[in-house]
Q: 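Mind looking over this structure? Questions follow.
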Amino acid sequence: MILSTTLLSPILNSSSDTPDLCQLREQFSLTGMHQDGDVIIGGLFEIHLFALFPELSFRTKPEQLWCHEFDMEGFRTAMTMAFAVKEINGNPNLLPYIKIGYRMYDNCMRLDVAFRAATALVSGNEKSFSMRNCSGLPPVVGIVGDAASTHSIAISSVLGLFRVPMVSFFATCSCLSDRRRYPSFFRTIPSDAFQVRAMIQILQHFRWTWVGLIHSDDDYGRHAAQSFHEDIAAFGGCVAFSETLPKDNDIVEIRKIMQVIQTSTSRVIVVFSTVSYLVPLMDEVVRQNVTRQWIASEAWSTFTAFLIPRLLPFLRGTLGIAIRRGEIEGLEEFLLSVRPDNSPNSMVKRFWQEMFGCRFEPEEALAVAEGRICTGQEDLSKADLAYSDVSDLRPSYNVYKAVYALAHSLHNLMSCVPGQGPFQGNSCASLHDMQPWQLLHYLQSVNFTTGFGDQVSFDKNGDALAIYDILNWHGMPDGTMKARTVGVVDESQPTGKVLSLDEDKIFWNFESKKPPRSVCSESCPLGTRKVRKKGLPVCCFDCLPCADGEITNMTDSLECFRCPKELWSNLEKDRCVPKEVEFLSYEEALGISLTIASLLGACIAGVVLAIFVYHRHTPVVRANNSELSFLILLSLKLCFLCALLFIGQPRMWTCQLRHAAFGISFVLCVSSILVKTMVVIAVFKASRPEGQGALKWFGAAQQRGTVVILTSLQVVICVIWLSTASPTPHKSTHYQSSKIVFECAVGSVAGFATLLGYIGLLAAISFLLAFLARNLPDTFNEAKFITFSMLIFCAVWIAFVPAYVSSPGKYADAVEIFAILASSFGLLMAIFAPKCYIILLHPERNTKKALMSRASN
């Protein structure tokens, strides 16, 4: 029942004799085959690769076109439709009382031929029909095809007006998912949008962010390239170059593309193109000896004409996206059972002639087949094995699913229960008066599983579930190549499991036998951030180290993140670590030095005190009230020891005690020196007749009382300060962001200033009085030494103020300790060194007689 048909053009006009009768005006010769049935399914396939059109002079009627270059694989896909129809008709569980027929035509890979074939399918092959009878089944209830995206766009634009279902098995343009423009279009192959996402999955897996893009100058290539540009930018990749293959295969344009490929630093090239556009480019790849990592789209990833020895050194290792491979039980036997018929335009007849290199007509056999005449009884099992090879069914499997999708939709339509239908008034469709739009309703919701185990359904845009095989071209011992499956991309899987890849099976066409690196700039390591290079894509960048206090703990970070207040960046700038807590410690060199100096001063003061106690009855010690000398030495010892409170980790009690102890100790010392100076002046005045009564005001009790009163005032200042705004331990980052300075906050600056100011006032008065009494004629005039000591004291503390204010953190404490030690050593040495010199080295001068003799001299 495989017949040929001579179709008439779908252009209609009405007869003048019978105005209600329409007839076809013209006829065109189309290669095809058909089988009768209760319901007819149409089919459009690529049986021939090229078509020759006669010259159009517009003066005479043009001759019929002629198709040539028979495509075995295209014929096998068409026969798969015939097999699916036969299988459905033999299935008692699917459309049991309805016989399906088919009508298929060759589109010759030409849009105009495909469009004529499509209109012939939907218009029918009747030469005339009456306008009064518009009921009954349409010529076809749906069409399987076309394989080309451009053809599908044009045909579906028209069929969509009449809601005639069209199920393509190979048209992948993402534009066909537009339900507003193509409301009746479906496909059993995923759209290019899914294919592009599958490619992006591969690029992400191998971290290829710098890729070249080549695409054909047709709807398939242009829309795929547009989607690729959008999706690769979303994951952070960049297109190094984007080139369009010329329609006319212009060699000059091809060589320009090759120049771009060779000058680019990209090692990976993605190609969206049909085979006819790509052949000239591959010829030039061989000529210029260019090796790259090619990523093939489904349009050429399984094309056997590229799997030849000449291309092996350059295309071996190619990764490709391929539509899902399937298995169809019984198809091989069906293909081998095909026999030709006697129709002149029979598709099978042309196949037979091409397969066996013969002709059915003797004259034609003599002209083109060396006299070989076809008998129709040749054995297909001994012919070309590629025709009957069903081990790698891809487009054919999609045809199989498309036919079954229409069949299941018809079955669901016929299973409708009257009164519960989906149409107006809960009505059901009738087989004898079914409209294409009614079948379209059921096709949208069809859902079934093939014998191979694949689920078939369509989303709201008419797209099938996106499942791709990932192929890798391997070299074979005979010098050819073979595309082997190395992985799967299945978008029905959860995130993270969409791509399944067996890397051990992948062959890499590089010396390292490893995946190539294809990046514009190497990844920025931890502790750096990306800064885009001016005028270049986002994948081209420099890596700048993070600033101090900022980190990145991930590669290719766009920005650095500031560490929390208590933390700081490490040297590598990849993590935050606790900040170094800085304070004047006993364990560091500065702290150790100041501790030693403090203890040394305290020891010296203690030794001097012991010497004075031991020699307390000698004239040098007794001169000018030895009790005040003991008090000064004791206070100096306390001054030396209070410096230790400034060393070590600040605590509440040390912060409160350090300034109070320092202030009280120094006031005790300076007030004793002040009283001592006043005693010197009083003794001198008492030695004169007019000052006989002066000394009675400076007795021992008065001296003690004066010291106590002056010291008590400092105690009061300290109490007020500590009770109102006490110094507290404080962690500060004001001085240096990378460190926490642990210090004692003074609490009240006014309180601290008052404490220092009071000491300064007493020191200034002492200095002034001692300076005035420096030349008094006394046997041992201490005023000179007190003047010198007060000079040192005042100089140290005047210098202390700016040094303290300008010193950060622990160095402020060090400055204060230094001032304490310097002024204490100054007082100790200036006042007591001369006396110790006499006591220890010249005891003969430590007598009353010696002192009196010096006075008389």
Side-chain angles (χ1 to χ4, degrees), residues 196-213 227-242 264-270 292-295 317 319 470 486-487 489 491 493-504 506 508-580 737-738:
V196 168
R197 290 208 292 268
M199 286 193 173
I200 295 299
Q201 289 280 341
I202 296 175
L203 297 181
Q204 282 184 294
H205 180 80
F206 293 109
R207 298 180 182 177
W208 292 331
T209 58
W210 187 238
V211 298
L213 175 63
S227 297
F228 186 81
H229 277 282
E230 295 171 355
D231 288 4
I232 195 173
F235 97 91
C238 299
V239 176
F241 59 86
S242 181
S264 174
T265 58
S266 173
R267 305 291 295 167
V268 177
I269 301 176
V270 174
R292 292 290 187 274
Q293 178 61 53
W294 299 93
I295 308 293
L319 287 173
I470 302 175
V486 294
V489 177
E491 292 214 359
Q493 297 296 319
T495 304
K497 296 183 179 180
V498 174
L499 175 65
S500 175
L501 200 61
D502 189 351
E503 293 190 48
D504 294 334
I506 300 177
W508 302 106
N509 197 25
F510 299 93
E511 292 183 6
S512 64
K513 303 303 178 185
K514 294 180 179 179
R517 292 280 296 167
S518 188
V519 295
C520 182
S521 299
E522 291 295 335
S523 294
C524 288
L526 305 181
T528 62
R529 62 183 177 90
K530 294 198 300 187
V531 177
R532 182 176 174 180
K533 292 182 178 179
K534 189 175 181 180
L536 294 177
V538 294
C539 297
C540 303
F541 49 82
D542 293 317
C543 300
L544 298 183
C546 292
D548 290 338
E550 297 181 346
I551 65 153
T552 56
N553 54 7
M554 63 184 72
T555 58
D556 292 330
S557 178
L558 295 176
E559 59 180 337
C560 298
F561 302 96
R562 181 162 293 279
C563 290
K565 187 176 181 181
E566 295 289 329
L567 304 177
W568 193 251
S569 58
N570 59 354
L571 292 177
E572 292 77 19
K573 306 293 179 64
D574 60 356
R575 61 190 178 94
C576 293
V577 296
K579 287 183 178 179
E580 177 186 351
S737 299
S738 61

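The figures that follow rest on heavy atoms only: side chains count, while hydrogens, waters and symmetry mates do not.
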Q: Please name all residues satisfying ring-ring contact (aromatic ring centres under 6.0 Å, His included) with F206, sequence neighbours left out, ordered by chain then number.
A: W208, W508
Q: Do V239 and F228 come close enough that some side-chain heavy atom pair is under 4.5 Å?
A: yes
Q: Go through the structure and list residues passing side chain to side chain donor-acceptor pair (under 3.5 Å) with E503, not counting sequence neighbours.
A: H205
Q: Tell me, please, which residues at least two apart from D574 pass side-chain contact (heavy atoms from CB on, under 4.5 Å).
A: L526, N570, E572
Q: Can you find a pair of side-chain heavy atoms, one from R575 and one from N553, that are under 4.5 Å apart?
A: no
Q: Which pair of non-hydrogen atoms, one from S266 and one from S518, has the smallest distance, and what is that distance?
A: OG-OG, 3.6 Å
Q: To the nearest 0.5 Å, what is the distance between NZ on K513 and CD on E511?
A: 8.5 Å
Q: State, with a plain yes or no, whether a side-chain heavy atom of H229 is found less than 4.5 Å away from one of S242.
A: yes
Q: Please lay out, stage by stage, how L499 and I470 fare under the test side chain to side chain contact (heavy atoms under 4.5 Å, CB included).
A: CA-CA 9 Å; L499 175 65; I470 302 175; 3.3 Å; yes
Q: Going by atom type alone, with no hydrogens or angles, which donor-acceptor pairs under 3.5 Å involve a side-chain atom of residues 527-534 and a protein atom two or more places apart or on another chain?
A:
residue: T528; atom: OG1; partner: P525; partner atom: O; Å: 2.7
residue: R532; atom: NE; partner: L536; partner atom: O; Å: 2.8
residue: R532; atom: NH2; partner: L536; partner atom: O; Å: 3.0

Q: Just do the side chain to side chain contact (heavy atoms under 4.5 Å, CB included) check on V538 and C238 with the steps written out, would you?
A: CA-CA 7 Å; V538 294; C238 299; 3.4 Å; yes
Q: Would you sort out whether V486 and L501 count as a side chain to side chain contact (heavy atoms under 4.5 Å, CB included), showing the intermediate values?
A: CA-CA 6 Å; V486 294; L501 200 61; 4.2 Å; yes
Q: Does the side chain to side chain contact (heavy atoms under 4.5 Å, CB included) test come out yes or no for C546 and I551, once each step is laid out?
A: CA-CA 6 Å; C546 292; I551 65 153; 5.6 Å; no
Q: Going by the rule side chain to side chain donor-acceptor pair (under 3.5 Å), which residues pair with W568 if we only count those two or more places apart in sequence or in a different chain?
A: none
Q: Go through the structure and list residues passing side-chain contact (heavy atoms from CB on, under 4.5 Å) with L567, not counting sequence neighbours.
A: C563, P564, C576, P578
Q: Considering residues at least two apart in sequence or located in another chain, which fulfil the side chain to side chain donor-acceptor pair (under 3.5 Å) criterion with R197?
A: E491
Q: Is there a side-chain contact between T209 and L203 in this structure, where contact means two heavy atoms from C-beta onward sitting under 4.5 Å apart?
A: no
Q: For R517, what residues pass the salt bridge (charged side-chain N to carboxylate O under 4.0 Å, His left out) criterion, not counting sequence neighbours?
A: E522
Q: Which residues satisfy the side-chain contact (heavy atoms from CB on, under 4.5 Å) test with S500, sequence neighbours excluded?
A: none
Q: Look at the SG atom of C520 and the SG atom of C540, then say if they are under 2.5 Å from each other.
A: yes
Q: Taking C-beta and beyond as the side chain, do V519 and C539 meet within less than 4.5 Å on heavy atoms?
A: no
Q: Does any pair with a residue in residues 543-560 pass salt bridge (Lys or Arg N to Asp or Glu O under 4.0 Å), and if so which ones, sequence neighbours excluded?
A: D548-K573, E550-R562
Q: Residues in side-chain contact (heavy atoms from CB on, under 4.5 Å) with S512, at least two apart?
A: F510, K514
